[in-house]
There are 2 protein chains.
Amino acid sequence: MDRQKIKEAGLKLTPQRLAILDYLRDNLEHPSAEDIYKAMLERFPTMSLATVYNTLETLREKGAIQEVTIDPQKKRFDPNPRPHHHLICTRCKRVLDIHIDYQLHVPEAKKNGFEIVGNHIEFYGICPDCRLKMSVMQS
Amino acid sequence: MDRQKIKEAGLKLTPQRLAILDYLRDNLEHPSAEDIYKAMLERFPTMSLATVYNTLETLREKGAIQEVTIDPQKKRFDPNPRPHHHLICTRCKRVLDIHIDYQLHVPEAKKNGFEIVGNHIEFYGICPDCRLKMSVMQS
DNA sequence: TATAAAATGATAATATTTATCAAGTAAGAA
DNA sequence: TTCTTACTTGATAAATATTATCATTTTATA
């Protein structure tokens, strides 16, 4: 399936691209380039960080993955290119997908002349792990 | 009003803080630290970039302004600390505020154990200026 | 004023991302 | 299968953004 994604995007099939897509597939962590690079090094000791960045940018450009602007420190990547929303732990920065179709109507008067083509909702909260840690610290 | 904001935050009143708050007030551009720094230099040639970062971080920490994670390249700052949404031009990265109170209910089953405390909606679109430029280019 | 705590400014250090380019590789042509 | 070319990789330099350090200066208060 990864092979197809790459071919469909009109890109050459390389082991690096396959490895990155394989790592991203079913990955719910929304990893950063650095995260991906580290994971790659384990099974692919020669891969360059530049290749990770190149690959991610190329895949994003072709619509095969999505870049999520959620972490002020760094870009993070989402293997799911379809529009969806995110649930973010404000403490540990964990990001989970939320698939709900909200109908968000913006009155013409508030559009400021924009032609609106999409939206993205960030829900902020504290994840179960952090809730636990916080309650432990208090006691 | 800026003086009060600073005092309320328990901070010392400095010309630098006043100048930054003054610049941010009524600023709808959601400027970056660099933007603010450049603007400061004009009326305040000795101000350091470090001071801009320090001030912004301090003000954010105290809840006087908001950091918006919208631009993958850099942090941007919003003088309005109250929750609201944003309208982003995907072409020129211009950001406008949208004040609409949406009731976004997340079913318990989709919360993944998170305790949700807030949300932020990004609306994507093309601003009037860019629409114009694009139509000119086509013709 | 004098003093202590806090803030500024200069600059170094770090982190993240992009650019450059020689060498290697994939994919289609012959 | 081999050749050829365009694309890709990997190494590294460069650029950009942010944070840290710390001596000096300034603010707020006594």
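Values below: all heavy atoms of this structure, side chains included; hydrogens, waters and symmetry mates excluded. Quick caveat: nothing in here was measured; it's all calculated off a predicted structure. Every chain is numbered from 1 and lettered A, B, ... according to where its sequence line falls, protein lines coming before strand lines.
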**Message:** What contact category does A:T58 fall into here, base, sugar-phosphate, or nothing, at under 4.0 angstrom with non-hydrogen atoms?
**Reply:** nothing

**Complete:** Of the listed C:dA10, C:dT8, C:dT17, the closest approach to the B:A50 side chain comes from C:dA10

**Message:** Between P on C:dT16 and OH on A:Y53, what's the gap in Å once rounded to a whole number?
**Reply:** 7 Å

**Request:** Mind calculating the distance between CG (B:L13) and P (C:dA5) to the nearest angstrom?
**Result:** 20 Å

**Complete:** side-chain hydrogen bond (donor to acceptor under 3.5 Å, both in side chains) test vs A:H30 passes for just one of A:D71, A:D97, A:N80, A:D35, namely A:D97

**Prompt:** Does B:H120 have its ring centroid less than 6.0 Å away from the ring centroid of B:H86?
**Reply:** yes

**Fill in**
Out of D:dA11, C:dT8, D:dT8, minimum distance to the side chain of A:T14 belongs to D:dT8

**Request:** Using whole Å, report how far CG of B:N54 lies from P of D:dT21.
**Result:** 12 Å

**Asked** Between C:dT8, D:dA6, D:dT9, which nucleotide gets closest to the side-chain atoms of B:T51?
**Response** C:dT8

**Asked** For D:dT9, does OP1 or OP2 lie under 4.0 Å from any side-chain N or O of A:S48?
**Response** no

**Prompt:** Is the count of non-hydrogen atoms from other residues, nucleotides or ligands lying under 6.0 Å from B:R25 atom CZ greater than 12?
**Reply:** yes

**Prompt:** If you measure only the distance, is there a donor-acceptor pair under 3.5 Å linking the side chains of B:D78 and B:H84?
**Reply:** yes

**Message:** As a test of reading the structure: which of D:dG10, C:dT17, D:dT19 is closest to the side chain of B:K75, going by heavy atoms?
**Reply:** D:dT19

**Message:** Is there, by distance only and without an angle test, a donor paired with an acceptor across the side chain of B:K12 and the base of C:dA5 below 3.5 Å?
**Reply:** yes

**Item:** Options C:dA5, C:dG9, D:dT18, nucleotide nearest the side-chain atoms of B:K74
**Value:** D:dT18

